[in-house]
Every structure is written in C-alpha cells, then in structure tokens.
Amino acid sequence: MPCNAKRGENMEKNKRITLEPAYSLREFRILPRKTTLDNVISEISLKTRLCRKGDDFFYLNIPFVSAAMQAVSGTELAIALAQHGGISVIPCSIPVDEQVRIITDVKRYKAGFQEDVICFSPGSRIDDVISTIDRTGYFIFPVTENGSSKGNLLGIITDKDFTRKYKDNIVSDYMITELDVASERVSLSEANELMIKYRRGFLPIVDKNFNLKSVVFKKDLDKNINFPNELSDKNKRYCIAAAVSTQPGDRERIDALLEAGPEVIFVDASDGYSSFQADTLDYIKSRSDIPVVGGNIITYDGFMHLARSGFDAVKIGMGIGSGCITQETKGTGRGQATALMDAADARDDFHKKTDSYIPIIADGGISNTSHMAVAIAMGADAIMMGRYFVQYRESAAPQYRHKKHGFVKEYWMEASSKGRNYGRYDSSSDIFFEEGIEGYVPCIGKIHERKNLPETLLKIKSAMSSAACTTIDDMHRKCIVELQSVYSLADGAVHDMILK
Ligand code: IMP
C-alpha cells in the first residue's frame, strides 16, 4: 500500500519517545485509480482470509466480525451475520454455559426448518385441532405418537381433512398416513425442490427412526432461501467463533468450547502483547487444531510476538473503541491507522521471511463506511465492530424507547461497570476500574434491510471500484491512501449549506 507511513519496527530498542503522531483512520482518504470493466461493482469480491487454517485459510464472505461483547454478539446476531457471510465472536464475559448454549443454538439453527411446531397425537380431539386453527391461523399439523414435536411421526392432519361437525371425533379418524418426508441432511433448497415434486406446502423432516426433527413450510421459503453469501460449515451449519481469556481459570471454558465446536477461538485481551497469550495458545493447540486468533496489539513488535508464538491471525486496536476510556484512564493506546500500518508491515515482512501469511483484524473505532474502506486499504483483512452491530435489532442488547432518540439499543463496553469483563482487563472483583462507558445507540432496524448491511457493503465495493481494486488483496497491494490536512477534511464534509 503506497503511503508515507512511519515504521514501528523495533520501537522498543530504537525510540523510547517518538514525536511523530499516530494517525486515525478518519484522517485518510482513498485516491481514485483508473476504473475498468474488471473493477465495476458487480466484479468485486469481499471474500477475505480471517485466519490460517491448517495449510490454507478460514475465509469470510464479507470482511465483518462482530465484537466479543455482551451487548453485541448473541444467537440472533450470529445467525444474521453468518447469513450475510460474516462471523460473530461470542464473548467470554458471560457464563460458560451460556456461551456454549449460544454456539449450540447457532449450530442447530437451520433457516426455514422449524423445530418446535404444534403437533397432535392420534387420540387428540378434533375439537382441539379446530380451536388451535382458530387461535393460531395454522392449518397443517404433524401427528406424532405422543403428540410432541420430537415424537415418532405417524401422519398429518390439515383443515381440509374434516369438517367442524366432527368435533367430537379424534385425529386418528381423519389423519393422512401416506407421507412424503425428507431426511435431516436435506438443505433448504433441496427441501424446496421436494415440495415442488410432491406438490406439497409442507415437508416433515425425520431421523432414521422416523422421529420428527423439524418441518419446512413452503410459505416461509422465499424469505429464507435468499442468502447466497452465507457462511456455513461442511454440514451446512452456520459458522461462529468464541472468545476466551488468558486467565488460567478459563481453561475449563476452553475445554467446553472445543466440545461445542465453534470454527475459531479468539484469545481476548485488551493488551495482547504478553506471554499469557502464548500460554493460552499452547493449551488450546495441545487439545485441538482449531484456528486461534490472538490480540490485541498495536505495534510491529506486538504483531511479531504473536506471529512467532503461532497465532493464526492477530487483532489490532487499543483505546479506540467507541465507548472506550482506556486512553484517558491509563494513557495507553494508539491511533488505529498507524497501528494497522505497522501491523500490516509486520505481517508482510513475516510473510516474506516464513512464507506464512497471518491475517490482521482491525478492531475498534470503526462504524463509519469510509473508515471501513480505509481500514481495508491500510491492510486489514477483516474488521471487528461493536458499535456498528449493536445498532441492529438482532444484537444481544436490550432495546428501549428513548424519550428523545426513539428506539435505542443499550451499549455497554466490556470494561464498564455493567460489563465487568475481568478476564480481558486482567482485573478482579476486589479492585476494578472502568475502561469503558455505558450508553445507548439509535436502533436502525434489522441487519438485512437494504439501507443497512447491504448498503454498507455496497459503499465499500464502490470505494474499491474507484480504487480500481477487485479484491481485498488488491486493496492491500494497489490502493493509494493519502493523509489529509484539517482543511481537506473540512472540505470533505458538508459545508456552506443550510440543512433542510
Ligand atoms: P467499537 O466497534 O468502536 O464499538 O469497538 C469495539 C471494540 O472495543 C471491541 O471489539 C473491543 O476491542 C473494544 N472494547 C470493548 N469494551 C471495551 C472497554 O470497556 N474499554 C476499551 N475497549 C473496549
């Protein structure tokens, strides 16, 4: 990336005090290069390497990772983000049972496959079926041996199979027992084809013993089938990641998580330039070959330390999260643009020396699309965000109606009084000081709404198109980024106009 950035190699030895400023992402702009048919928006791919995985990489279909924060990443967001091609990191500041439950729920979730549908038993009264139809508006029900949604499937009953005057009879008198079913391994689009073939609006999914697992309804298909970019594992289950701290007490958490089966583990520390990171990595790698991301670091040397320790990706950022007060309370941190430039230099040097590419993930202070584009241009392979994701309905945060701001989501940082993430900040309940605040952000609706994530991705692609880049790798190698003066930035914002 051509840029007159200063290098932070060996800062510890060379420069105890540096007078050159560190830069923020918001101070840079991308310069256009000649766009051709090769880099029109329809040709651009946002696919990216999140981390090493064996001899290859674990890829995301979009370069977005939701932050390991209580307010941000839970079941709903993890599913919604995976449907769009990104990944959520479930925080380690929640009890391990809860963290495992979220991972299990996401892994079990299959869009369009409804698990807990209303069922009847052969002995149920038609009267009950009629009142359920009147109450719910549903009119097709599986019939299982014991009437449970996981029972042995015997038939189906629909509103077409009886008339209301038979209300005192029982379900077995009218249920249909010749059934078209599908096995658990069927995908949503295969289920769709089967329903067309069987001319049915309803397909029970059963295991090999004919126990009911779920049901697919044709009417739900259109809204579920449309995720061409979804990020799923080889069993077509959504991908998810989980955080652990470096605290020795978290070893049991690691064991439980490895059982639950996330795709990636993030070793989560506010200051990851430590020997504890490598100890945690060794523990994980002694049990599994799961990819492990280390961090956070903000210097060239910090990257090299984690790369040499064997991490599969490194997360960059300190003191720049939206509600973070680390810089003010402790005086530690660094402008994210400079931190990223140093880490990207270190990554490329490490790659040249060892032939091993270790992706970097920009974390914190990025919620505006122009900052996302600049972060990628600075060398980020992926971007972790809290503020950006918390604003969606699917985030884990509670939603309130605020007197002044309408619908808002509560956003509390991990080192706020509410978050109390002792593991990440190396503190304890005896003595704890805040490094983050609690507040609200406006809620802007669901992630898939066109004006939300799809528009964000389009803006990034549009920036890439102007930079004549087709891939994220292109952005790292070819995109020209320029530091702006205060006046240039002022010109770049709205000026000399009265707003409507
Ligand atoms: P955001 O996207 O600007 O909201 O930043 C989210 C990132 O801030 C997280 O991924 C963490 O790296 C960082 N972070 C979370 N909680 C705290 C905190 O309490 N203090 C400082 N940084 C935090």
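Just so you know, ligand 1 is whichever comes first in the structure, and atom 1 is the first atom listed for that ligand. Below, all heavy atoms of this structure are taken into account, side chains as well, without hydrogens, waters or symmetry copies.
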Is the gap between the ring centers of H405 and Y440 under 6.0 Å? no

Indicate every side-chain donor-acceptor pair of residues 372-387 with a distance under 3.5 Å to a residue at least two apart or in another chain.
| unit_1 | atom_1 | unit_2 | atom_2 | d |
| --- | --- | --- | --- | --- |
| D381 | OD1 | Y357 | OH | 2.6 |
| D381 | OD2 | R347 | NH1 | 2.7 |
| D381 | OD2 | Y357 | OH | 3.3 |
| D381 | OD2 | I360 | N | 2.8 |
| R387 | NH1 | Q391 | OE1 | 3.4 |

Within the 4.0 Å heavy-atom sphere of ligand 1, strictly under, residues: A67, M69, N296, G321, S322, C324, T326, D363, G364, G365, M384, M385, G386, R387, Y411, M413, E414, A415, R424, Y425, E435, G436

Exactly one of L77, V65, T75, I102 clears side chain to side chain contact (heavy atoms under 4.5 Å, CB included) with S88, and that residue is L77

List for me each residue that meets side-chain contact (heavy atoms from CB on, under 4.5 Å) alongside R33, sequence neighbours excluded, and say none if there are none. A468, C469, K478, I480

Considering residues at least two apart in sequence or located in another chain, which fulfil the side chain to side chain donor-acceptor pair (under 3.5 Å) criterion with K409? S395

Salt-bridged, D105 to R101, with N to O below 4.0 Å? yes

